[in-house]
Amino acid sequence: MSNTIRLTGAQAMVKWLAAQMIEDEAPGSEAGGQARAERFIDGIWGIFGHGNVAGLGEALEKARQDFPTWRGQNEQTMAHTAIAYAKARKRRRAMAVTSSIGPGATNLVTAAALAHVNRLPVLLIPGDVFANRRPDPVLQQVEDFEDGTVSANDCLRPVSRYFDRISRPEHLLTALPRALATMTDPATCGPVTLAFCQDTQTEAYDYPAEFFERRVWRIRRPQPDPREVSDLVALIKAAKAPVIVAGGGVIYAQAEDTLARFAETHGIPVVETQAGKSALAQSHPMNFGASGVDGSAAANALAAEADLVIGVGTRFQDFTTGSRTLFSNPGRRLVSINVAGYDAVKHGALPVMGDARATLKALSDALGTHRAGAFDPKARTAWLDAVTHHCRDRQRAAGDLPTDAEVIGAVQRATGEDAVAMCAAGTMPGALKLLWQPSQGGYHMEYGFSCMGYEIAGAMGVKLALPAREVICFVGDGSYMMANSELATAVMRRVPFTVVLTDNRGYGCINRLQQGCGGAPFNNLYADSNVEQQPQIDYVAHAASMGAHAVKAGNIADLETRIAEARGRDIPTVIVIETTPHEGPGFGEAGHWWDVAVPEVGSTDTLSKAYATYLDNKQRQRLVN
Ligand SMILES: Cc1ncc(C[n+]2csc(CCOP(=O)(O)OP(=O)(O)O)c2C)c(N)n1
Ligand SMILES: [Mg+2]
């Protein structure tokens, strides 16, 4: 008879998770290096309620020395921290998050969607209604009139890569390995939800002892099909103006150095996406900056003229392609190197399915000494000079507020090589995409979901993942108001990062977008909103009340000083600076069209003009491939 261990469902889940290891390659190693095995799920964020306190809560308390539990302030933002951590660890480490049933569980939905869109691993363990249904309707139960199996957690189905409901303790025997397989497979990587019925968490079962043996998972590197490689080699050899579009997949595959060598050896310039930015340092001579909306002039010029576009680990989303108006040279071919078939065939691309590093290496071997046609390196240096000029401290007249570009300039000057700029929504993502000049790995942007409220919690996740790096969290006043309370958690846990809060008194970027679409300024800035009194929100006092070191920067020079002073503190620093809401990040020639639908009929001239421009731009979209 095989050995068994009698445990509750919750105890078994915790014991199993604590035994799951991941084999990691030495950082930067091309050959795979010395593999180390470390725990894949580092620990769990939890807010307890009746749906998880008695079951999972008991199991986690018993395991607290070995498998840590951390308390946060909000289920969504705890999950943001977990997701940011996984992103900063290049999907090689993850965290779990547990909630009660009902509102705790539905609070996870936005974060799950964020992880889903960005293909980032997180293990969500919301409590669920009673499997035995005896106390129905239990507190917070969502009652479906037509379907007895529905619970609040069903909201998580479309935003989970793998969803399971654990309604018998032995379900864990199959559900848990599937959860880890999903999270560690580069092609399916994303959020997993194990909705855990609250009575099942507490029910005992005789689990086979071998179920809990230490298991080492491996992030696979799928090799490309040699036929697809040879098709691409032929295309590269025939191309006069090829360009590489580097996406997040380059970073998740740890293919940064391979990409750098590939670009240098074969003379193919690189443009980046939001997720791929900092795969190459901005100072790398083949890095022409990001393409598309808020893209660099240098990158967009390359993109417009390219006769061969080679995507590496990119989803080709609208901001990268200027809503399909860029990369639209009539004769151009488009190739997509991607580990996921879903992405590899987008835009009618020739798919080359495989791991970014393995594929670039196979391509390079096959290309030998081939070098592509010439490109103009001066376009890159001219653009970088323009950025430096645009981001200088302009010494404005009193009352004339600085722009986000000047704020970025100050942060850039005040930080070193190790700085990581992070952000998610508002004016700053576009501004940073265009203007931030990172070292390799110095950029963390959540722009798949661009979720307001990711920033503060995300900064904590990034700092937990990269404790040796200086983490700068850029956040607008709107995003700060949406979610800031994990700042208190970061103070309690002594996780230091620097928040640069740009206060432009409202939703600056959407106000500008509204007017760009022919609309009147309405309901974005507080000044244009339906309020009786204009707010005087004291962000310094607010952040200080949570224990952060909070200061106001009176001007750009002051901001630089405050950034430098924050270094070495063991708690977060929040620096508030008032900025103008009226200027976007761009400077003349940069930027590209973004498809935001404009009303076809309306009462104003501005609207009719905006609609006419909209129609013109739609003509430029390349739809089929
Ligand atoms: C959760 C969420 N709600 C709404 C939006 C749409 N949205 C994008 S940016 C933005 C305004 C951001 O304002 P703020 O953080 O102050 O940045 P600013 O543009 O003013 O610098 C809004 C409402 C979003 N991205 N996320
Ligand atoms: Mg704002």
Side-chain angles (χ1 to χ4, degrees), residues 74-77 79-80 83-84 106-118 159 274 293-294 317-319 401-408 411 421-436 445-459 472-487 499-517 519 521-529 531 534-539 542-543 559 574-586 591 594 596-597:
N74 175 298
E75 292 82 0
Q76 179 186 335
T77 49
H80 286 174
I83 296 161
T106 50
N107 270 358
L108 289 172
V109 172
T110 300
L114 184 157
H116 193 272
V117 172
N118 286 285
V159 287
Q274 278 280 28
V293 187
D294 305 314
Q317 56 123 291
D318 59 354
F319 266 73
L401 293 170
T403 62
D404 286 43
E406 289 165 74
V407 169
I408 290 172
V411 177
M422 67 84 59
C423 188
T427 304
M428 275 299 179
L432 290 162
K433 174 180 175 181
L434 179 65
L435 306 171
W436 183 253
M445 184 63 63
E446 186 288 286
Y447 211 65
F449 215 43
S450 187
C451 182
M452 291 171 73
Y454 174 82
E455 294 89 345
I456 301 268
I472 308 285
C473 166
F474 288 88
V475 66
D477 58 309
S479 240
Y480 180 85
M481 288 297 277
M482 200 169 277
N484 53 60
S485 58
E486 299 304 349
L487 195 55
V499 178
V500 176
L501 194 167
T502 40
D503 178 10
N504 58 9
R505 295 150 311 284
Y507 301 150
C509 64
I510 307 295
N511 178 51
R512 292 191 303 276
L513 177 64
Q514 186 170 48
Q515 291 169 74
C517 292
F522 171 62
N523 201 45
N524 282 307
L525 300 184
Y526 290 115
D528 307 316
S529 298
V531 296
Q534 283 300 308
Q536 302 284 333
I537 301 165
D538 185 345
Y539 295 104
H542 186 269
L559 174 60
V574 177
I575 308 170
V576 180
I577 183 160
E578 284 184 44
T579 51
T580 172
H582 300 300
E583 262 185 70
W594 184 31
V596 176

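Both backbone and side-chain heavy atoms feed into the values below; hydrogens, waters and symmetry mates do not. One-based numbering, in listed order, for ligands and for the atoms of each.
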Where the side chain of H80 meets the backbone of A111, is there a donor-acceptor pair that is under 3.5 Å apart?
no
Between E455 and F474 the two heavy atoms that sit nearest each other are CG-O, 3.5 Å
Check each protein residue for a heavy atom under 4.0 Å from ligand 1 and list those that pass, ordered by chain and number.
G426, T427, S450, M452, G476, D477, G478, S479, M482, N504, G506, Y507, G508, C509, I510
When you check the space around the Mg ion (ligand 2), which protein N, O or S atoms turn up under 2.8 Å?
D477 OD1, N504 OD1, G506 O
Tell me every residue that passes side chain to side chain contact (heavy atoms under 4.5 Å, CB included) with N484, counting only those two or more places apart in sequence or in another chain.
Y480, H542, M546
Contact check, side chains of V407 and V500, non-hydrogen atoms, under 4.5 Å:
yes
Working to the nearest 0.5 angstrom, can you tell me the gap between I408 CD1 and L432 CG?
4.0 Å
Are side-chain heavy atoms of L114 and Q76 found at a separation under 4.5 Å?
no
Can you name the side chain to side chain contact (heavy atoms under 4.5 Å, CB included) partners of L525, sequence neighbours left out?
N511, D528, P581, H582
Heavy-atom distance under 4.5 Å between the side chains of E578 and N504, does that happen here?
no
For Y447, I'd like to know if atom OH has over 12 heavy atoms of other residues, nucleotides or ligands within 6.0 Å.
yes
